[in-house]
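As the structure lists them, so they are numbered: ligands from 1, and atoms in each ligand from 1.
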Amino acid sequence: MAKPVVRFMCQECGASHNRWNGKCEGCGVWNTLVEEVIERQRSGVASANAPLPQLYAIDDPTLVDLTKTRYVTSFGEFNRVCGGGIVPGSVILVGGDPGIGKSTLMLQIACDVSNSTPCLYLSGEESVQQLQMRAKRVGVKAEKLQIGSCTSLEEIQNLLAKHKDTKLLVVDSIQTISSDSLEAAAGSVSQVRACSQTLIHLAKRQGISVILVGHVTKEGTIAGPRVLEHMVDTVLYFEGERHYDFRILRAVKNRFGATNEIGLFAMEQYGLAEVTNPSALFLSDRHQGISGTAVFAGIEGTRPVLCEVQALVSKSYLGMPRRTAVGWDTARLSMILAVLESRAGFSFGTMDVYLNVVGGLKVTEPAADLAVAAALISAMINKPVNPSYVFFGEIGLGGEVRPVHQTEARLKEAEKLGFAKALCAQRKKIEACLPVLKLELLKELSKHLG
Ligand SMILES: Nc1ncnc2c1ncn2[C@@H]1O[C@H](COP(=O)(O)OP(=O)(O)OP(=O)(O)O)[C@@H](O)[C@H]1O
Ligand SMILES: [Mg+2]
Ligand SMILES: [Zn+2]
């Protein structure tokens with residue numbers, strides 16, 4: 001009998017090594033090599049026998065126009081993140097923390113698509129009874145959706161061979177699927193890679209769209225090799241704060257649409273509901289007349305989202321005053337404090353500073369600098385910010401406020417939500433709908449507060 005091939009696979013980058021090593025030579029990370037028994041390599045098929053691939057002209061009119069055949073679900077937020085719907089034959093990887101709602105969302109999507117297109121939902125994590133229970137809870141109607149519980153790649157292949165009309169396949173999750181031809185455990189790098197590869201081939205050859213649900217590791221990347229993200233067409237992350245019921249579906253890679261696009265959902269008793277007006281959601285509990293809060297007109301993906309930034313400044317009893325930021329980068333907070341001190345004369349040296357982006361949103365745009373500064377100054381001088389103002393602009397180390405991209409979209413959204421004035425750096429030519437107050441020097445900011 002042929003001896004099985006043993007390889008040491010890096011669980012971080014997927015590199016394969018002949019012998020064990022403390023450090024992976026592929027990615028340089030320590031203690032990531034795990035012994036895996038892999039399939040015996042077939043002794044090279046004679047290349048002369050390999051079939052010739054069919055070639056086409058790039059403008060061949062007989063090819064199906066995929067731009068017109070996307071599966072458009074009734075979840076506008078999901079369509080947006082996918083670039084306008086699911087492209088036939090594409091493979092989408094959906095990652096997210098445990099319990100965030102991946103299975104719920106995918107079940108809802110599959111049910112929705114199944115009303116017009118044959119769909120298969122396979123779970124390796126739940127029994128069909130449990131799937132049915134969830135479907136009942138979220139109240140979806142999908143007589144035509146076929147569900148199954150299965151963990152074997154070969155079973156999936158057989159199923160697809162039998163149900164040739166399947167157009168969408170959901171596999172929840174890729175880490176639970178394993179191939180009999182590999183001896184490695186389910187969820188190991190070689191299994192995840194081999195199973196994904198087979199499913200991707202199937203998708204491309206038979207024009208089936210495949211949605212793979214993936215688990216996320218402690219570090220926040222999809223468990224299994226990074227290569228998985230390279231193999232699929234679209235990578236979506238489903239994220240959210242445990243204590244808030246809204247969830248963000250974020251595209252981090254998309255071969256058929258813009259990345260950094262987000263879709264917003266709210267986790268409700270009856271499953272996930274779309275949030276079509278995020279700004280209204282994030283500003284819904286705004287208390288006016290309190291110092292230390294400012295509204296930031298931000299952009300998430302291609303969409304403007306308004307949110308509230310809160311600051312609290314209190315006398316410090318510590319040798320090194322506290323700087324805490326939730327939803328915003330602490331290093332950036334320190335930078336803004338330093339600029340406010342050096343360029344605008346506000347000293348926070350003996351104060352503890354707390355900053356919070358309301359609603360559990362994480363803001364990464366430097367454009368929020370000005371809103372952060374406004375909240376800080378307002379907290380410092382204990383005067384509420386004028387409630388009809390929104391803020392956006394990047395603050396430079398010289399104390400200057402810089403214009404940011406998509407000014408008009410931000411202004412339009414602010415106007416829609418009833419704001420009267422925007423404080424931002426003005427570009428030369430801008431057709432603003434709001435009166436824009438130009439801010440060259442940060443010092444001017446305090447004049448506009450209160
Ligand atoms: N009866 C219920 N009422 C309200 N919410 C519920 C109910 N049952 C489940 N949920 C919500 O659904 C979430 C679980 O969703 P789901 O199973 O889709 O997550 P998941 O991302 O697939 O998790 P996993 O990674 O474990 O597979 C729970 O966190 C909970 O908030
Ligand atoms: Mg799940
Ligand atoms: Zn490695």
Side-chain angles (χ1 to χ4, degrees), residues 7-36 75 78 92-112 121-140 147-151 170-177 186-190 192-193 211-230 235-250 263 265-273 360:
R7 284 276 185 283
F8 295 88
M9 306 287 285
C10 171
Q11 304 291 309
E12 191 74 24
C13 71
S16 147
H17 304 259
N18 287 339
R19 66 184 78 79
W20 192 85
N21 219 335
K23 185 176 165 186
C24 167
E25 280 162 22
C27 61
V29 179
W30 289 86
N31 277 331
T32 56
L33 298 199
V34 171
E35 181 178 343
E36 290 184 5
F75 292 90
F78 180 78
I92 301 174
L93 178 66
V94 181
D97 287 336
I100 205 77
K102 301 179 293 293
S103 307
T104 310
L105 181 65
M106 289 312 124
L107 186 65
Q108 286 178 271
I109 298 291
C111 288
D112 191 89
Y121 185 107
L122 300 178
S123 177
E125 304 191 331
E126 286 131 326
S127 65
V128 282
Q129 290 81 358
Q130 288 166 334
L131 287 176
Q132 195 175 53
M133 182 173 84
R134 174 175 298 134
K136 279 194 185 129
R137 173 169 68 85
V138 301
V140 284
I147 56 171
S149 178
C150 134
T151 54
V170 179
V171 178
D172 184 7
S173 65
I174 187 64
Q175 277 88 8
T176 56
I177 306 298
S188 64
V189 172
S190 28
V192 167
R193 188 160 56 178
I211 299 181
L212 302 174
V213 175
H215 290 168
V216 159
T217 59
K218 281 201 296 295
E219 294 76 35
T221 53
I222 289 174
R226 254 293 129 109
V227 283
L228 189 54
E229 299 197 5
H230 290 292
V235 180
L236 308 179
Y237 274 93
F238 202 38
E239 44 189 49
E241 287 286 324
R242 209 155 281 279
H243 308 289
Y244 296 96
D245 53 9
F246 76 89
R247 303 277 183 268
I248 296 176
L249 186 66
R250 193 182 292 276
F265 295 87
M267 179 59 106
E268 290 172 359
Q269 194 187 344
Y270 302 109
L272 289 150

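The aromatic rings of Phe238 and Phe265 lie perpendicular to each other, with more than 60° between the two planes, well past the 30° mark.
Ligand 1 lies out of reach of Gly96, whose nearest heavy atom is not under 4.0 Å from it. Residue contacts with ligand 1: Arg134 is included, with a non-hydrogen atom under 4.0 Å away.
Distance alone, capped at 3.5 Å, places no donor-acceptor pair between the Ser173 side chain and the Gly214 backbone. Judged by distance alone, the side chain of Arg247 and the main-chain N or O of Ile100 form a donor-acceptor pair under 3.5 Å. Side chain of Gln108 to main chain of Val138: no donor-acceptor pair is present (N/O by atom type, distance under 3.5 Å, no hydrogens or angles).
In this structure, OG on Ser188 lies 10.5 Å from CD on Gln175, to the nearest 0.5 angstrom. Within the model, atoms CD of Glu125 and NZ of Lys102 stand 7.5 Å from one another, a figure rounded to the nearest 0.5 Å. To the nearest 0.5 Å, atoms CG (Asn18) and CZ (Arg7) are separated by 4.5 Å.
Summary of contacts: the protein heavy atom closest to atom 19 (O) of ligand 1 is Gly101 N, 3.1 Å. Scanning all protein heavy atoms for the shortest distance to atom 26 (O) of ligand 1 gives Gly99 N, 3.7 Å.
The SG atom of Cys27, the Zn ion (ligand 3) and the SG atom of Cys24 define an angle of 110° (nearest 10 degrees).
Ligand 1 has an N or O atom lying under 3.5 Å from an N or O atom of Ser103, backbone or side chain. Considering both main-chain and side-chain atoms, Glu125 comes within under 3.5 Å of ligand 1 through a nitrogen or oxygen pair. By the 3.5 Å distance cut-off applied to N or O atoms, Met267 is not counted among the residues near ligand 1. Taking only nitrogen or oxygen atoms, main chain and side chain alike, Thr104 reaches within less than 3.5 Å of ligand 1. For the pair Lys102 and ligand 1, the shortest N or O to N or O distance falls below 3.5 Å. Residue Leu105 has no nitrogen or oxygen atom sitting less than 3.5 Å from a nitrogen or oxygen atom of ligand 1, judged on distance alone. Residue Ile100 has at least one nitrogen or oxygen atom sitting less than 3.5 Å from a nitrogen or oxygen atom of ligand 1, judged on distance alone.
Each of Arg137, Gln130, Gln132 was compared with Arg134 under the side-chain contact (heavy atoms from CB on, under 4.5 Å) criterion, and only Arg137 meets it. Each of Ile211, Leu228, Leu236, Val213 was compared with Leu93 under the side-chain contact (heavy atoms from CB on, under 4.5 Å) criterion, and only Leu228 meets it.
Among residue pairs with one or both ends in residues 22-35, those qualifying as side-chain hydrogen bond (donor to acceptor under 3.5 Å, both in side chains) are Asn21-Glu25; sequence neighbours excluded.
Checking atom 30 (C) of ligand 1 against the protein gives no heavy-atom contact under 4.0 Å.
Closest to atom 10 (N) of ligand 1 by heavy atom, among Gln269, Arg137, Met133, is Arg137.
Residue Ser103: an N/O/S atom is found under 2.8 Å from the Mg ion (ligand 2).
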